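So the structure is just underneath, and the comments pick up after that.
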Amino acid sequence: MSTEAGPAHPPPAGTFFLAGTMRGAHAGAEVADQSYRAALAARIAARRPGAVVHAPGALTRAWLAEHPGAHAALAATPSVRRAGLAPNCWR
């Protein structure tokens, strides 16, 4: 058994899914700020070259661009907001 230190082995590249909030409490096609996803993807790429990063934010933006108005129709849909409920409804 050798006691010599061998060359450093980089960690495997891996696959990452960037989960998070897409629309939050926004109505219609409005999407919450997604800038954190690009920052995360850049850090993963810097530390794990060759890693596969699945970013649903990019997929959502592409889908919305291909289907204008699809989510905008939801903007007028009534929604229940906690702030609008009587206190005894959410305790």
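What's counted below: heavy atoms across the whole structure, side chains too, no hydrogens, waters or symmetry copies. Nothing fancy with the numbering, it's 1 onward along the sequence. Only a predicted model underlies this, so the values are computations on that prediction, with no experimental measurement involved.
The two residues A13 and P49 come nearest to each other via the heavy atoms CB-O, 3.5 Å. Closest heavy-atom contact between P56 and L18: CD-O, 3.3 Å.
At a threshold of 4.5 Å between side-chain heavy atoms, the hydrophobic network of Ile, Leu, Val, Met, Phe, Trp and Tyr places I44 and Y36 in one connected group.
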